[in-house]
Each structure stands twice: as structure tokens, then as C-alpha cells.
Amino acid sequence: MLSPTEFRELVSGRRTGAKAIAMRTALRIAEVPYTLAMRYRNRRYASGKAETHNAGVPVVSVGNLTLGGTGKTPFVEWIARHLRADDIRVAIVSRGYGAEAGGYNDEALELELALPDVPHVQNPDRVAAAQVAVEELEMQIILLDDGFQHRRLQRDLDIVLLDATEPFGFEHVFPRGTLREPLAGLARADAVVLSRADMLAPSEREKIRQRVAKLAPQATWCEVEHRVAALLNSAGQQVDTNILSGKRVAAFCGIGNPTGFRHTVGTLGCEVVAWLEFPDHHNYTRDDVTSLSQWSQQADIVVCTRKDLVKLRVPTVGSIPLWAVGIEIGFLAGQEILEQRLRQTSEQILRDAI
């Protein structure tokens with residue numbers, strides 16, 4: 001099985017040779033039926049033939065056009081904090097992909113750690129989850145996590161994140177590329193956010209913006225970067241990232257697009273002596289911890305993502321301290337207009353509260 005990075009090397013065309021060409025050809029053949037199925041599904045919703053449901057309260061959706069790794073979780077956190085600052089009762093609703101029976105998945109555990117006052121309702125039937133949030137928890141707004149392709153629940157604001165490292169999924173729908181649906185689907189978006197925009201020169205960001213303007217001319221355009229807020233451990237302690245300066249660091253992650261995390265670690269003034277990738281949503285076992293202990297022996301500190309830490313819940317890997325890199329959203333463009341769109345979505349709630 002290919003790692004996330006190896007898969008992207010293949011579908012991007014960076015991996016060369018006869019074997020790579022043959023693999024891309026096979027993936028191109030497999031792409032066709034999936035693309036047709038997504039187009040058919042989207043046409044049914046666009047024509048009204050597929051049923052949709054009104055949650056009874058405003059719904060803000062945050063989703064991706066591509067497979068995983070766009071920085072969606074810190075953006076969901078930013079929106080939830082923004083709404084809570086206005087004393088709006090907001091609940092996060094998600095499918096719960098990768099969750100064990102009766103438990104939360106890694107994104108929910110991460111958001112629970114960051115947002116203890118925001119309920120998270122997980123259910124493969126997100127219409128039912130929204131109903132629980134509104135009727136039982138008395139929430140005023142639903143924040144639909146990973147909701148762009150979930151069409152059954154009506155939404156008032158549809159936000160799509162594009163990762164700067166692969167904004168258009170290598171121009172192909174999965175499995176030949178990383179698009180979840182054809183690019184034409186972006187026309188449904190009310191706002192498009194380029195995440196990790198600081199990884200590109202302004203001229204490259206402008207090229208992406210112009211292309212998005214053709215695909216979704218009505219959409220608000222935003223650019224954000226992922227700023228390192230602090231390092232945190234399983235005991236809830238936080239320290240400044242300067243403890244990594246000059247240190248030998250072993251870094252690992254189990255996320256959809258490891259490129260962004262590797263870039264972040266590379267900005268922290270440390271020497272990365274070991275790097276390891278696990279599959280997205282990887283559930284760590286005791287054997288994994290043992291293997292990580294052996295793998296990281298040459299390091300002074302081990303670092304991972306917050307998404308990995310909430311599943312590991314150990315203070316050390318062997319005898320080496322384990323810290324997660326805490327990320328927060330920083331806007332480079334579009335913050336004011338997006339906040340205005342959020343206010344418009346919640347204005348009736350705010351009027352009723354006066």
C-alpha cells in the first residue's frame with residue numbers, strides 16, 4: 001500500500017518510469033465510473049430529485065474539494081470560536097469517519113480538546129445528528145464538518161478549503177487524483193479558502209484565485225496560513241516552540257496530507273533527524289508506540305500533530321518527550337468579508353438575543 005506521500009508522488013506525475021505510467025493508466029480507468037457517479041449524484045441534487053432536509057437552524061458547512069489534509073480542523077475551530085464569542089450556541093456535526101463503535105474519531109477528539117464548550121455530534125446520518133443537536137441540545141447553529149459533498153442537509157453558508165500544495169487535486173478525480181468530485185462542483189461554494197497560502201508566492205496564489213473566480217464567481221475568496229501557537233503534551237501542558245531550537249527532532253503523523261506538517265516542522269529551527277508517515281486516521285496501538293520508541297532513539301524530542309496526540313495520549317515515546325504542534329489559523333486575505341458572511345448567517349439569532 002502506498003503512503004499518502006507516495007500516492008501523491010504517483011498521481012502528480014512526479015514518479016516516473018514504466019511502472020508508474022502503468023499504474024496511472026489503471027487509476028485513470030478506475031476514475032471514470034467514480035466521476036460519472038459523482039456527476040449523476042450532483043445532478044440529482046441540483047434538479048431537486050434528491051431529497052434535502054432543513055435543520056431548522058442555520059447550517060455552516062466546512063469541507064474540501066480534495067481528499068483530506070487541507071487544514072479543515074483548525075478552520076472549524078476558528079469558526080466555532082468566532083460564533084461562541086457572540087454567545088451563539090453552536091454544535092459541530094460530522095460523519096465520524098474512522099471512529100470506533102461508540103467512540104469519537106480523531107478530529108472530534110482534537111476539537112473536544114480545543115473546544116470543551118462546543119458539543120460534537122457524530123453520526124453517519126448527519127441529518128439525524130443535526131436533529132439531535134437542535135432538538136435535544138438546543139443548539140442555535142450547526143457547524144457541519146467535512147460537509148461539502150454531503151448534500152442531504154441544507155446549508156446557509158458553504159465554505160470550501162483548498163490546500164495550497166494541491167488546490168485542484170492534480171486535475172483528476174480519485175483514484176487518479178485527489179479530487180472528491182469534478183472541479184465544476186466548486187460552483188456550489190459560498191466561500192473558498194486557500195489554506196497554507198504562505199507556502200506559495202503571491203503570484204501563485206493569484207493564479208489560483210483567478211481560476212477559482214471562473215469556477216465559482218460568486219464565492220468569497222480568503223487566504224489563510226497555519227501558525228504554530230504552541231507545543232502541547234498529553235498532560236495538557238503548553239510550552240513555547242523555542243524549546244525545539246537547535247534540537248534533534250523525530251517527527252511523525254497520520255494525516256491526509258503530510259506535506260503541510262513537514263513544512264511546519266521545518267520552520268521551527270530544529271534538525272529533523274527522522275520522519276515517519278502513517279495512514280490518515282491511523283489508530284495507534286501499543287506495538288506502534290514500541291516501534292516509535294526504537295525509531296526515535298537518535299532524537300532529543302519527538303513531535304506529532306494534535307490529531308495524533310489525542311489518540312496516543314502518552315507523555316513520552318520511550319524516554320523521549322512527545323509534543324504535539326498546536327496550529328491556529330491566521331488570515332492573509334478575506335477575513336473581514338468572511339466574518340461579515342458569518343454575521344449575516346447568524347443575524348436573526350443575534351437579533352432575538354437582544
Side-chain angles (χ1 to χ4, degrees), residues 31 34-73 75-76 78-79 83 92-95 97 124-127 129-130 141-164 166-174 177-195 197 208-224 256 333-334 337-346:
E31 174 189 13
Y34 184 79
T35 301
L36 292 175
M38 289 302 297
R39 284 176 176 161
Y40 173 73
R41 180 176 181 271
N42 283 336
R43 280 198 301 268
R44 281 179 52 79
Y45 278 106
S47 66
K49 293 180 180 178
E51 185 180 10
T52 60
H53 301 265
N54 190 317
V57 299
V59 174
V60 177
S61 169
V62 180
N64 305 330
L65 193 64
T66 57
L67 298 171
T70 61
K72 179 169 49 57
T73 300
F75 199 81
V76 168
W78 179 86
I79 293 176
L83 294 172
I92 298 169
V93 165
S94 66
R95 176 178 179 268
Y97 178 81
D125 184 346
R126 279 168 278 193
V127 173
I141 283 187
I142 298 297
L143 184 49
L144 183 60
D145 186 8
D146 198 15
F148 192 55
Q149 285 75 35
H150 178 76
R151 307 288 301 275
R152 288 181 61 226
L153 191 62
Q154 297 172 16
R155 68 283 316 275
D156 299 83
L157 185 62
D158 231 333
I159 302 171
V160 178
L161 270 64
L162 302 180
D163 190 281
E166 50 180 88
F168 304 112
F170 307 114
E171 308 299 331
H172 286 280
V173 174
F174 182 80
T178 60
L179 287 172
R180 293 183 173 194
E181 61 176 293
L183 281 171
L186 197 61
R188 304 193 308 272
D190 298 308
V192 177
V193 180
L194 185 68
S195 66
I208 296 171
R209 188 200 66 79
Q210 290 179 7
R211 187 171 180 187
V212 168
K214 294 178 181 177
L215 293 164
Q218 80 295 337
T220 295
W221 173 257
C222 303
E223 298 174 9
V224 300
I337 190 167
L338 184 61
E339 289 177 343
Q340 181 180 346
R341 298 292 296 267
L342 287 169
R343 281 194 298 272
Q344 290 170 349
T345 302
S346 58

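Position 1 is the first residue of the sequence, and the numbers go up from there.
Nearest heavy atoms, R180 versus T66: NE-O, 3.1 Å. In this structure, S346 and I141 approach most closely via the heavy-atom pair CB-CD1, 3.6 Å. Looking at every heavy atom in both residues, F174 comes nearest to Y34 through O-CD2, 3.4 Å. In this structure, A219 and V192 approach most closely via the heavy-atom pair CB-CG2, 4.0 Å. A197 approaches E223 most closely through the heavy-atom pair CB-CB, 3.9 Å. Of all heavy-atom pairs between T35 and P182, the closest is CG2-CG, 3.8 Å.
With E181 as the fixed residue, the salt bridge (charged side-chain N to carboxylate O under 4.0 Å, His left out) test singles out one of R39, R41, R188: R188.
Taking CZ of R155 as the reference point, atom OG1 of T345 lies at 12.5 Å (rounded to 0.5 Å). Taking CZ of R341 as the start and OG1 of T220 as the end, the distance is 4.0 Å to the nearest 0.5 Å. The structure places CG of D190 at 9.5 Å from OG of S61, a figure rounded to the nearest 0.5 Å. Here the CG-CG distance, from D156 to L342, works out to 11.5 Å after rounding to the nearest 0.5 Å. Here the CG-CG distance, from D163 to L67, works out to 12.0 Å after rounding to the nearest 0.5 Å. The distance from atom CD of Q154 to atom CG of N54, rounded to the nearest 0.5 Å, is 4.5 Å.
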Practice task
Any chance you could lay out the side chain to side chain contact (heavy atoms under 4.5 Å, CB included) test for R209 and L194, step after step, and finish with the verdict?
Solution key: CA-CA 9 Å; R209 188 200 66 79; L194 185 68; over 6 Å; no
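Atom CG of L36 is surrounded by more than 12 heavy atoms from other residues, nucleotides or ligands within 6.0 Å.
Between L338 and I159, the closest side-chain pair of non-hydrogen atoms falls below 4.5 Å. Residues I208 and W221 form a side-chain contact, since some pair of their non-hydrogen atoms from C-beta on lies under 4.5 Å apart. Residues D146 and S94 have side chains not in contact (no heavy-atom distance under 4.5 Å, counting atoms from C-beta outward). Using a 4.5 Å heavy-atom threshold, the side chains of T70 and L162 count as separate.
In this structure R151 satisfies the salt bridge (Lys or Arg N to Asp or Glu O under 4.0 Å) test with no other residue, sequence neighbours excluded. Qualifying salt bridge (Lys or Arg N to Asp or Glu O under 4.0 Å) partners for E171, counting only residues two or more places apart in sequence or in other chains: R211. In terms of the ring-ring contact (aromatic ring centres under 6.0 Å, His included) criterion, residue partners of W78 (sequence neighbours excluded) are, by chain and number, F75, H82, F331.
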